[in-house]
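This report refers to the structure that appears directly beneath it.
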Amino acid sequence: MVMIAAVIPAAGQGKRMGDLSVPSKQLLELEGVPAVIRTLKAFEATPEVDAIALVVPPQLCDEFTDLVQAHGCEKVRWVVPGGKGRQESVYRGLQALPETCEYVIIHDGGRPLVTRQIIEACLKEAKTAQAVCAAVPVKDTIKVSQDGRVVDETPHRSTLWQIQTPQVFSYPLILELHRQAQGDGVQVTDDAALAERYGYPVYLAPGAYTNIKLTTAEDLAIAEALLTRPPYRQQDEGESDAACGSRVRSGFGYDVHRLVPGRPLILGGVEVPYHLGLEGHSDADVAVHALMDSILGAAALGDIGRHFPDSDPAYKGASSIQLLRQVLTLIGERGWRVGNIDVTIAAQRPKLAPYIDEMRSIIAANCQVAGDAVNVKATTTEGLGFVGQGEGIAAYASCTLVKA
C-alpha cells in the first residue's frame with residue numbers, strides 16, 4: 001500500500017509579523033481557530049494523506065502536542081523540534097517519516113487557507129512526476145534590478161509563476177536531496193528549488209491566489225477577510241468537507257450504565273429515589289455523560305474517556321456535574337459556548353417525569369444557558385433489551401456550540 005505523509009514546517013519565528021500576542025505566529029487565531037490547526041485540518045480532511053509530521057519550535061513541542069490533540073488532529077503522528085531555518089526543519093521532518101513512505105507533501109504551516117482541492121491537485125500530478133509544486137500565474141509585471149534602483153530587464157509575464165506549497169515529492173528522492181544539500185552547504189527557499197538544483201524536473205499543479213502565506217500583519221487581515229467568503233465560509237458552516245473551523249457546530253453523545261444495588265441513582269444532576277443505582281467510576285450520571293460527549297464531539301475534543309479516564313483515581317466517585325463544568329471550561333478556552341441541548345434518557349424504571357424540570361434547571365445553570373435552551377425527556381423501550389429488562393439505563397444527547 002502506498003503511504004503518503006505530510007511534513008508541515010511550523011517552526012518559524014514570524015519576525016516580520018511584528019509583536020505577537022502568542023509565542024509562535026502559527027498559534028495566531030483566524031476566526032477563532034489557530035492558524036496551524038486550519039492548516040492541519042485541510043490534510044486531515046484529505047483521504048489520501050495517511051500521516052503528518054508537524055515541525056515546531058523546540059521549546060513549544062509540548063504546547064503544540066496538546067493543541068493538536070485538543071483539536072482532534074488524529075493524523076499528526078510526530079511533533080518534531082525544528083532547526084535553525086526552514087530547510088533544516090523540513091529535513092528533520094523528513095527524517096521522522098518511516099522508510100515505507102513513498103510520497104511526501106511538504107506544506108508551510110503558515111499557509112492556513114490551503115484546501116483539500118489544492119492538495120489533491122498536487123497529488124494527482126505527482127502520479128507521473130517526482131517533484132510537483134502548487135503555483136499560480138503571476139498577475140503583475142515583474143522587473144529585474146541588480147542594484148534596486150535601475151531596471152535591468154522585464155521578463156515576459158506569461159512565463160512567470162508564483163510558487164506556493166503544498167509541494168509533493170518522491171519521498172526517497174527529496175530525503176536524499178536534503179542530505180546532499182546539507183553536505184554541499186546548499187541553501188534554498190523552497191524544496192522544489194532543491195530538485196531544480198540537482199537536475200530533476202519540477203512540474204506545476206494549480207494552486208490558488210487565496211492560498212496565501214502569513215508573513216506580515218497585513219496577511220492576517222487578508223486571511224480573515226477571505227474566510228468570510230466562499231469557499232471558506234461554506235467550510236466554516238459545514239457545507240463542504242474541507243477543513244476549517246465553524247461558527248456553529250453540533251455534537252452527539254451516547255452512554256449506558258448498568259443498574260446495581262448499593263449505589264445512588266443520579267440522572268441529570270438529580271438524585272432519583274430508587275433501590276438501584278448506576279455502576280461506574282464516577283457517580284455514573286449517564287445523562288450528563290452523554291451530554292459531555294456531545295459537547296466534546298461538537299468541539300472535536302475527543303470523549304470523556306480521554307479527559308476523565310476511569311483508571312484515574314482522581315475521578316473515583318466524582319460528580320458528573322463537576323466534570324461537566326470542566327468540559328465547559330475546555331470549550332470556553334477555545335472560543336465556544338453552548339447554544340442548546342437535547343437529552344433523552346431511556347429507562348424502563350423508575351418513572352422520571354417528576355424530576356425532568358429539575359434536571360433541566362441544573363443543566364441549564366451549569367451550562368450557562370437559558371432554561372428554554374435545554375430539553376430533557378425520558379422514554380422506555382417497551383420492555384425490550386437490557387433497558388426494558390431493567391438491567392441498565394441509556395442516554396442520548398445532542399447539542400450545538402456557537403462562537404462565544
Side-chain angles (χ1 to χ4, degrees), residues 3-15 17 20 22-28 33-46 48-112 114 119 122-123 131 133 164-183 186-195 213-214 243:
M3 180 184 181
I4 299 175
V7 170
I8 310 295
Q13 297 180 0
K15 292 181 179 179
M17 190 65 70
L20 297 178
V22 289
S24 166
K25 73 173 183 179
Q26 321 295 340
L27 300 175
L28 290 168
V33 180
V36 70
I37 296 299
R38 286 188 174 273
T39 301
L40 292 171
K41 286 292 186 179
F43 289 86
E44 292 278 332
T46 305
E48 294 87 346
V49 177
D50 299 304
I52 300 170
L54 177 63
V55 188
V56 304
Q59 72 277 16
L60 297 177
C61 283
D62 290 343
E63 182 169 346
F64 275 86
T65 298
D66 291 342
L67 184 69
V68 298
Q69 289 178 350
H71 284 269
C73 298
E74 297 179 353
K75 292 183 181 180
V76 178
R77 297 188 190 173
W78 309 277
V79 176
V80 181
K84 294 180 181 178
R86 182 188 185 279
Q87 187 169 321
E88 183 179 347
S89 292
V90 171
Y91 187 30
R92 290 188 179 188
L94 292 171
Q95 290 175 308
L97 302 181
E99 293 181 356
T100 53
C101 182
E102 296 192 43
Y103 293 97
V104 61
I105 309 165
I106 301 173
H107 180 73
D108 298 324
R111 288 188 189 269
V114 66
I119 298 168
C122 292
L123 286 171
C133 59
Q164 304 176 337
T165 63
Q167 299 181 359
V168 183
F169 303 91
S170 158
Y171 173 63
L173 172 65
I174 195 64
L175 181 63
E176 178 56 34
L177 293 182
H178 268 273
R179 285 175 181 154
Q180 193 167 344
Q182 186 181 55
V186 171
Q187 290 291 319
V188 293
T189 56
D190 76 337
D191 303 280
L194 279 182
K213 186 175 182 181
L214 302 182

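Predicted model only: the values in this text are computed from it and were never measured.
Using a 4.5 Å heavy-atom threshold, the side chains of Asp50 and Lys75 count as separate. Two residues are said to be in side-chain contact when any heavy atoms from C-beta on lie closer than 4.5 Å; Tyr103 and Cys122 fail this criterion. The closest side-chain heavy-atom distance from His178 to Leu194 is below 4.5 Å. No side-chain heavy atom of Val90 sits less than 4.5 Å from a side-chain heavy atom of Val55. Using a 4.5 Å heavy-atom cutoff, the side chains of Pro81 and Val56 are not in contact.
Here the CE atom belonging to Met3 is positioned 14.0 Å from the CD atom belonging to Glu48, to the nearest 0.5 angstrom. The distance from atom OG of Ser89 to atom CG of Leu54, rounded to the nearest 0.5 Å, is 10.5 Å. Separation of atoms CG (Leu177) and CG (Leu94) is listed at 10.0 Å; rounding is to 0.5 Å. Rounding to the nearest 0.5 Å places CG of Leu97 at 12.5 Å from CD1 of Ile4. Note: Phe64 CZ to Gln69 CD = 14.0 Å, rounded to the nearest 0.5 Å. To the nearest 0.5 angstrom, Asp191 atom CG is 12.5 Å from His107 atom NE2.
Shown here for Ser24 and Ala10, the closest heavy-atom pair between the two residues is OG-O, 4.3 Å. Nearest heavy atom pair, residue Gln87 against residue Ala181, reads NE2-CB, 3.8 Å. Contact record, Pro9 with Ile106: CD-CG2, 4.4 Å, taken as the closest heavy-atom pair. Taking all atoms of both residues into account, the shortest heavy-atom contact from Cys73 to Ile37 is SG-CD1, 4.1 Å. Closest approach of Glu44 and Ile52 over heavy atoms only: OE2-CD1, 4.1 Å. Cys133 and Gln167 get closest at one heavy-atom pair: CB-CG, 3.4 Å.
With salt bridges taken as basic N to acidic carboxylate O contacts below 4.0 Å, one links Asp108 and Arg86.
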I would like to know whether Ile8 and Ile105 meet side chain to side chain contact (heavy atoms under 4.5 Å, CB included); could you show each step before the answer?
CA-CA 8 Å; Ile8 310 295; Ile105 309 165; over 6 Å; no
List the steps and the verdict of side chain to side chain contact (heavy atoms under 4.5 Å, CB included) for His71 and Leu40.
CA-CA 10 Å; His71 284 269; Leu40 292 171; over 6 Å; no
Before giving the answer on side chain to side chain contact (heavy atoms under 4.5 Å, CB included), spell out for Glu63 and Leu27 the whole-Å C-alpha distance, their side-chain angles and the decisive distance to 0.1 Å.
CA-CA 10 Å; Glu63 182 169 346; Leu27 300 175; 3.4 Å; yes
Give the intermediate values and the outcome of side chain to side chain contact (heavy atoms under 4.5 Å, CB included) for residues Phe43 and Val76.
CA-CA 10 Å; Phe43 289 86; Val76 178; over 6 Å; no
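Of the possible donor and acceptor atoms, none in the side chain of Arg77 sits under 3.5 Å from a partner among the backbone N and O of Ala51.
For the side-chain contact (heavy atoms from CB on, under 4.5 Å) test with Val114, the passing option among Thr46, Thr165, Ile119 is Ile119; the others fail.
Counting heavy-atom neighbours within 6.0 Å of Glu74 CD, excluding the residue itself, gives a total of 12 or less. Taking a 6.0 Å sphere around CD of Gln59, one finds it holds more than 12 heavy atoms contributed by other residues, nucleotides or ligands.
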